[in-house]
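Heads up: the structure comes next, in structure tokens.
Here is the naming used below: chain letters follow the sequence lines, and residue numbers restart at 1 for every chain.
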2 protein chains.
Amino acid sequence: MSINNLDPTDTAILQLLQHNAELSNKEISYKLHKSIATIHERVKRLKEQGYIKRIVAILDRKKIDRSLIAFSHVLLNDHTAATLDAFEQEVVKFTEVMECFQMTGTFDFILRIATSDMEAYRLFYRNKLATLPNITTVQSFFVLSETKSETAYPL
Amino acid sequence: MSINNLDPTDTAILQLLQHNAELSNKEISYKLHKSIATIHERVKRLKEQGYIKRIVAILDRKKIDRSLIAFSHVLLNDHTAATLDAFEQEVVKFTEVMECFQMTGTFDFILRIATSDMEAYRLFYRNKLATLPNITTVQSFFVLSETKSETAYPL
DNA sequence: GTTGAAAGACCTAGTGA
DNA sequence: TCACTAGGTCTTTCAAC
């Protein structure tokens, strides 16, 4: 449940793999002054126990035509479980929706939307998001520039 | 520059690796009905050309004591280049700041903050974020639940 | 751009310390 | 946890198509 299950070696391994999962067990063992067998065992356990959810390739979104990122704040008509569930169930199906969080505060959801450009966002908004039932308001904010974008948590 | 440089094989490789970068060239070659050498060559090129920025381990943030995610909207006093640059330069140093985007609209930056709990967020806010110069307002929104969180862009 | 083959590196499980 | 072993798999290169 907690980070307290992890000793300094586990933590160091996670730290390394968060930044570069192409490191071989051999390279990690060298960096951490441990045997290959130890690293192999640790990594296997960290995956089995779910600390490492998956290993993925991070792409340059500008090179694959996803230059525009928008954050959209969605407010629903009512907050019954049925309405919330129905919205979540539908919105996650849209491929433009990279993330969906239910929030505290003055609105219900934050969506992170990735599209090629403003026109593509407009089409997404008109033809997909705005067609969902029970939406009161959608407020959209657009990313001008990305100052920091990190997938690795400090440990 | 564009996705148009990519043929269907490249696209398929990126699609696979975005979801699971542990796939071997052999497994990919089997899935795509190509030779191992071809896949090897393609992946190498996709990395060299920057389509694949890096391969990383995605951790379960709740297991490593980063249960609370906040989105913070920051408005600065003025919008001179010097003020914007100074803010960016300092805010990215905070390890709690996972992402920082400069935005269009009614505020200047969106930060995604990861902390262990509300008390840790309070400390971050009081001792780090609020100490930066030229901040007019900070509005914070907290994640109740994560409905979707995807690193893979559709291709 | 693609292929098969071949050498070398790596992974993985097992043993014993 | 470590060192060592050994079989199997994967990576990487290259000549050839």
- Could you point out which residue of B/Ile13, B/Leu46, B/Leu155 forms a side-chain contact (heavy atoms from CB on, under 4.5 Å) with B/Leu6?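 Single pass found, and it is B/Leu46.
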- Between C1' of D/dT1 and CD of A/Glu41, the distance in whole Å: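 Nearest whole value for this atom pair: 10 Å.
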- Message: Nearest whole Å is fine: how far is D/dA3 P from A/Ile36 CD1?
- Response: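 After rounding, the reported distance stands at 10 Å.
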- Residue B/Ala37, side-chain heavy atoms: nucleotide from D/dT11, D/dT13, D/dC2 that is nearest: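 That would be D/dT13.
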Are [X] and [Y] close enough for a salt bridge, meaning some N to O gap below 4.0 Å?
X: B/Arg42; Y: B/Asp10; value: yes
X: B/Glu48; Y: B/Arg45; value: no
X: A/Arg112; Y: B/Glu99; value: yes
X: B/Lys47; Y: A/Glu22; value: yes

- Have a look at B/His40 and say if it touches a base, only the backbone sugar-phosphate, or nothing, with a 4.0 Å heavy-atom cut-off.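 Contact class for B/His40: base.
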- Query: Taking 5' to 3' order, which nucleotide of DNA chain C is first and which is last to have an atom within less than 4.0 Å of a heavy atom in chain B?
  - Reply: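 Taking any atom under 4.0 Å from a heavy atom of chain B, the span is C/dG1 to C/dG4.
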- Task: Return yes if some donor-acceptor pair links the side-chain N/O of A/Gln18 with the main-chain N/O of A/Tyr153 below 3.5 Å, else return no.
- Result: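 Yes.
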- A/Tyr121 ring center near A/Phe142 ring center (under 6.0 Å):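 When the ring centroids of A/Tyr121 and A/Phe142 are compared, they turn out to be within the sub-6.0 Å range.
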- Message: Please tell me whether A/Phe71 and B/Phe101 form a close aromatic pair, meaning their ring centres lie under 6.0 Å apart.
- Response: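 Close enough - the centres of the two rings lie under 6.0 Å apart.
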- Query: Counting only non-hydrogen atoms, which of residues 19-32 of chain A are less than 4.0 Å from DNA chain D?
  - Reply: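 None - not one residue of the stretch has a heavy atom sitting under 4.0 Å from the strand.
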